[in-house]
There are 2 protein chains.
Amino acid sequence: MPPGLKDVAARAGVSVKTVSNVVNGYVHVAPDTRARVQAAIEALGYVPNLAARQLRSGRSGVIAVAVPELQSPYFAELAGLIVQAAERRSWTVLIDQTDGQAERERHLVAGLRRHAIDGLIFSPLALAGEDLEHRTDIPMVLLGERVWHGPADHVAIDNTAGAADATRHLCDLGRRRIAAIGVQDAPSAVTAHQRLAGYRAALAEAGLPPGPDIEATVAGFHRADGAAAMARLLDSGDPPDAVFCFNDLLALGALRTLLSRGLAVPGDVAVIGFDDIEDGRFSTPTLSTVAPDAVRIANLAVELLAERLGAGAPAAGPAREVRVQHRLVVRESTAG
Amino acid sequence: MPPGLKDVAARAGVSVKTVSNVVNGYVHVAPDTRARVQAAIEALGYVPNLAARQLRSGRSGVIAVAVPELQSPYFAELAGLIVQAAERRSWTVLIDQTDGQAERERHLVAGLRRHAIDGLIFSPLALAGEDLEHRTDIPMVLLGERVWHGPADHVAIDNTAGAADATRHLCDLGRRRIAAIGVQDAPSAVTAHQRLAGYRAALAEAGLPPGPDIEATVAGFHRADGAAAMARLLDSGDPPDAVFCFNDLLALGALRTLLSRGLAVPGDVAVIGFDDIEDGRFSTPTLSTVAPDAVRIANLAVELLAERLGAGAPAAGPAREVRVQHRLVVRESTAG
DNA sequence: TTGTACGCGTTATCAT
DNA sequence: ATGATAACGCGTACAA
């Protein structure tokens, strides 16, 4: 049985209140009393019991981060950065993967754990706006575009602009038949829709014709999906001379298909992705991409949550929207 | 204020104990009483308070998984699998990254959270045996080789055998100058030492000479380290015709260096890695590797922990050691 | 400045 | 089968 406040109090010859004061850094404690208590704490190896503390205060010091999947390098990176940012506020982070299943996402938001976490940073995938309306108990920060208008802050990059930048880059290279890989039909696939919009806008701007034959649909955003989509594009009779993939994983898959068929990248087909994951810096060829400022995203998410959780803070203030910069990173897959 | 047992009890016209019985599936409850309570629970949207439950029972239903880094695909995959396995026991998983810093690893094992977690699955990197001796409070399962002899179970693959298999495969290809990338000097780098031992053993077995000039040391196990090491190997005058990299990330980095210098893989240099991460299945060329049975590792880790946590279980029984199979996966980087 | 006593929501031990 | 009540360890009015 680990020592409690009571044990420390007994050993130091003071009351529990005094020990509590010392532990919580209360100011008005006589120096020698404080020293005696400190000594007792050290001697006993006292550690506050979080359960009891939470039961009293309602705060657990734990926030949750929910991402579609940890296997995806982008989300793994983001989760890691959020953990680092939260650590600076001495919060513990509970990382959850939803596998993009609405069921799991809903469970997470409404379920057992809502008692145990103070806040939630959530990167929704399957979950549409209405599902989130129910939840009003704990502060939440959404990652990604604003797809609903409930009382949650969110931080996002401009997906449409990023996609347009990528596509424009391909246009500037003189490519005339620029395909897109990553289209998704589901109405909840907001990211895919926005990147498609940006792609189309840039195409129109360059006077290039769009068309269903150069817009490849995928089931997921993984390498295998990109590889399969690229194969379809190549087999379709009139192959593209450039491809904008909606994320780097798709692009790496596409790259694989191109190279295994003996095509040159970027010679025959230029390829650009989105996310700037580490893999792209060491693939052959290295992968051009649109790089969101992930560090800033993580910091902002934690900061927004902190403001909602802060003592006199506007816990119920209006939802805020923060936009984070992105930049185009040109590497071998388009520069050559 | 969310409803508690008391509220449900009042609404159902029963005592808190009865509600508690219903919630916990106690058998001796009259059917109609149970129904009335259930109705009240639904109506009020009652959810048990975990903090209170833990305060009573001493159990939080949370286990922690500590890995060196989530950015590493292998660990991300493993963590994901453990989460899935834990879910089947309705445990919540707290994922921690230690960044391989002994300081953080120690803090984790001894720190604040020890009250809040029931068990720990730990993949130590920097932490040597003695540091772990202190900890005796919560059950722990170690991932990786047994490097100490405290009271903790551990599950591991046979690193030495795996490394030997990989090296032997290169020998069978007829390669005569087989280099290794991934040597680490630190005494705590047990994985590196074991893979080196397996490599050397296979070399000896094939009658091939070892040597410091074909054993490349690295600071970490990332792509960049592999790329740099490969460059050194190539610049050393007598380049190898095959390389065994101690993990896939190193191999992908090495691949990058080889290809960017116009060398053919496996034509000029064959490359094999270790871990079987997804990236290797889509690189160009695809990467041969040694595949640990990660699913089984995850399941076993959770299972061992469950046994320690089980009611009448031997919470203090002798430490157990479980070995998990691995298999050689031959892909393009060595077949051709 | 420090001590006493109560309550947070549960589970467990008795009774009934 | 169900109810009353005492802990679990901590924070906090309120009292001293």
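Letters A, B, ... are given to chains in the order of the sequence lines, protein chains preceding strands, and every chain is numbered from 1. Worth saying up front: this structure is predicted, and the values here are computed from it rather than measured.
Distance A:Lys6 NZ to C:dA5 C1': 12 Å, rounded to the nearest Å. Rounding to whole angstrom units, CG of residue B:Leu50 and P of D:dG9 are separated by 18 Å. Rounded to an integer number of Å, the gap from B:Asp7 CG to C:dC8 P is 10 Å. Regarding A:Lys17, its NZ atom lies at a distance of 13 Å from the P atom of C:dT4, rounded to whole Å. Rounded to whole angstrom, the span from the CD atom of A:Gln54 across to the P atom of D:dG11 amounts to 12 Å. Protein atom CG of A:Asn49 is 18 Å distant from nucleotide atom P of C:dC8, rounded to whole Å. Rounded to whole angstrom, the span from the CG atom of B:Asn21 across to the P atom of C:dA12 amounts to 10 Å.
Among the nucleotides D:dT5, D:dT2, C:dT1, the one closest to any side-chain atom of B:Val29 is D:dT2. Ranking C:dT10, D:dA1, D:dG11 by closeness to the A:Arg53 side chain, first place goes to D:dG11. Ranking C:dT11, D:dA4, D:dG11 by closeness to the A:Asn24 side chain, first place goes to D:dG11. Between C:dT4, D:dA1, D:dG11, one nucleotide has an atom nearer to the side chain of A:Ser20 than all others, and that is D:dG11.
Using a 4.0 Å heavy-atom distance criterion, B:Val23 is classed as making no nucleic acid contact. Note on B:Thr18: only backbone sugar-phosphate atoms sit closer than 4.0 angstrom, heavy atoms only; bases stay farther off. Residue contacts for A:Leu5: at a heavy-atom cut-off of 4.0 Å it reaches the sugar-phosphate backbone alone, with no base atom in range.
When the nearest nucleotides of DNA chain D are assigned to B:His28 and B:Ala52 by heavy-atom distance, the more 5′-ward of the two goes with B:His28. Judged by closest nucleotide on DNA chain D, B:Gly13 is the one of B:Gly13 and B:Leu55 placed further toward the 5' end. Residue whose closest nucleotide on DNA chain C sits further toward the 5' end, between B:Gly4 and A:Tyr26: A:Tyr26.
Checked for salt-bridge contact, A:Glu87 and A:Arg89 miss the test: no charged N lies under 4.0 Å from a carboxylate O.
Interface remark: the B:Arg56 side chain does form a donor-acceptor pair with the C:dT11 base, using a distance-only criterion of under 3.5 Å.
Exactly one residue among A:Ile117, A:Val62, A:Asp118 makes a side chain to side chain contact (heavy atoms under 4.5 Å, CB included) with A:Thr92. That residue is A:Val62. A:His154 pairs with exactly one of A:Leu304, A:Val141, A:Val322, A:Leu142 by the side chain to side chain contact (heavy atoms under 4.5 Å, CB included) rule, that one being A:Leu142.
At least one side-chain heavy atom of A:Leu5 sits under 4.5 Å from a side-chain heavy atom of A:Ser20.
B:Thr33 has a side-chain polar atom (N or O) that falls below the 4.0 Å cut-off from OP1 or OP2 of D:dT2.
Once rounded to the nearest 0.5 Å, the distance linking CG of B:Leu300 with CD1 of B:Ile297 reads 8.5 Å.
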